[in-house]
Structures are given as structure tokens and as C-alpha cells.
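Let me begin by presenting the structure, written as C-alpha cells, before commenting on it.
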Amino acid sequence: MSVIKKLALAAGIGALLSSAAWAQGLEGKVVGFSQIGSESGWRAAETSVTKQQAEARGVDLKFADAQQKQENQIKAIRGFIAQGVDAILVAPVVATGWDEVLTEAKEANIPVILLDRGIEAPEDLYLTSVASDQVKEGRVAGEWLVGTVGDKPCNVVELQGTVGSSPAINRKQGFEEAIAGHANITIVRSQTGDFTRSKGKEVMEGFLKAEDGGKNICAVYAHNDDMAVGAIQAIKDAGLKPGSDILVVSIDAVPDIFSAMVAGEANATVELTPNMAGPAFDALDAYLNAGTVPPKFIITESKLYTPADNPQSEYDTRKGLGY
Ligand code: AHR
């Protein structure tokens, strides 16, 4: 047999071996998942999609709900390390304070994948981060408002997400970038609503009182749909019409915001897919079985939806997926 033929055969066997390894998938792998909590409809959808994805791939998912506390997440991650899991998924509640625990995971040789929120830590402490471009999300929301109000004066109130979380920081920045240079649009009030419906409502009630019962407010920009839904209720309670007296723009694209659009009470949302686990498990599969190192950032889409996009059908589709 010629040398070339031998090499070709060896290469073929190699390819066969690596595709056999690839075909193993994640069946039987143990993966810890430190979830933030259940503050929003989007978060609930992400939890359920992650569980579905794990089940479909035969992954033994160890789920830990941190109830919004970073200390609980750190404890859970340490627990996963002690159990010797094959990998860890973490949706980090805030951006800072992760170096120590992620160094422990690295020393234990356990790959960590970040889901939906970023952190300020050396990039070698995690395998990859599956998230949206959150600055872009804010920018898309801001550009929608700029295009909608044109030259008219517009006082905006902003409902921020959890203090210190990457989406709160980045969505604020992106929106401000979009309205910069449009002197007719001003953020007159900005406060955290912690990504929850109840706080969104409470904070909006305060904004309405402070702004002449809402007469001085042209739009509410909420960093997520749940806070927008809370704000919509507060606007109605104040005797105004959300969607027309006060424009409502937010981020997530969960079913409830599409119901609000159908009712004419919400004007725009930017989609954040709850399926972060699909790309995360694909990356993990390739890494564990074929040694393929994924890109450091896997960025999901940020699509704008308005009432022109058939909100009833968007609602039905998401409900059909179990969101
Ligand atoms: O990190 C993603 C954000 O967290 C979602 O936009 C929000 O709904 C959730 O609570």
C-alpha cells in the first residue's frame, strides 16, 4: 500500500473516530445549572427551555434556584464542584464578584458557561458566554422611540433592571446612545424595578405622581416586559391609556407583552430568546467530545416587534412553545 494511501486511510479512521466521539452527545453528562430565580416571565421560560433541552439530550441537570442572591449562586457552584459535575451553567445575577468561585471551577477542570448575563472577570474563567448584545437591545428600543416621536418633545421614564446586572447597565447605555443627539427626547426619571412586575408597577406609580399624574410623560422605557406590564397597570389605574397617552417600549418579547399589544397597550418590544441552553449545550458537546473550543461570546438575535408584526400570532407561537 502506498504511503499516501496509508495516510488517507489513517485520516479517514481519525475522522471516523472524531465523528464517533461527536455522536456521543451529552447523554449521561451531569451539568449543574445555577439559575437567578423566577423574577420574570422570561426567566421562567429560560428555566423551562433549559430543562427541556437537557432532557432531550439525556443530560442529568442539577438545578439550583438562587432566589436573586449571588451568595446562593456561589454556594451552588461550590456544591457542583464538590459533586464533580461535567460542566456548570450559570446565569449570573450581577456582573462582579465571580473571580474566586470561577477560579475554583477552573482548578477543578470543570467548564463553566454563562447564560444570558455577562460578568466582569478574566475571560479564561469561562468557556463561553451565550447572551444577547444587551447594548444593542437598548439601542433598538431607543431607535424605535426616536423614529416614532420624530421631532415632538418626549419625556421618558425608565424602569431599570436589577442594580449591578449586565442587562441593566447595558440596556441603559444602548438606549441613551440611541437618543443622544435628539434633544427633544429626555429621560426625566430613572429607577430600578428589579425586573419584576410588582416593582415595575410600584415605581411607575411614583413616576406618575411626580409627573403631574402622568401628563408630563410621553413614554416609558422598561428594561424588561414584566416591568412594562406592571407599568401598564399603573398607567391604567391613573386614568390614562398606555400605548397612546404614554408609549410603552420594553425588552424580552414574552407572551404577555404581545397580549398587551393586541389590546393596544404596548408599542414595541425587543426579543431576547429564552433558548440560551441550546447553543450552550451544542458548544459543550463539541468541547467535551471533540475538543472544539467555542467562540468566547455566542450572541443571540435582538429583533424588534411592534403591533404591525401580528402580535396575536407571536403570542400563540410562544405559548405553543410553553413560554
Ligand atoms: O438577563 C435577562 C433578563 O433577566 C431578562 O430580560 C429579564 O426579564 C430577566 O429577568
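Read the numbers this way: they start at 1 and go in the same order the structure lists the ligands and their atoms.
- Counted by atom type alone, D316 and Q312 present one or more donor-acceptor pairs between their side chains at under 3.5 Å.
- Placement of I81 and L114 within a single hydrophobic cluster is found when ILVMFWY residues are connected by side-chain heavy-atom separations under 4.5 Å, directly or transitively.
- Residues R43 and Q35 bring a donor and an acceptor atom of their side chains to less than 3.5 Å of each other.
- For the side chain to side chain donor-acceptor pair (under 3.5 Å) with H223, the qualifying choice from E158, E137, Q134, Q160 is E158, the only one to do so.
- Counting only residues at least two apart or in different chains, ring pair (Phe, Tyr, Trp, His ring centres under 6.0 Å) contacts with residues 46-93 comprise F33-F63.
- The immediate protein surroundings of ligand 1, defined as residues with any heavy atom under 4.0 Å of it, consist of E39, S40, W42, R43, D116, R117, P167, R171, F195, N224, D252, L272.
- Side-chain atoms of Q73 come within 3.5 Å of backbone atoms of A91 as a donor-acceptor pair (strictly under, hydrogens ignored).
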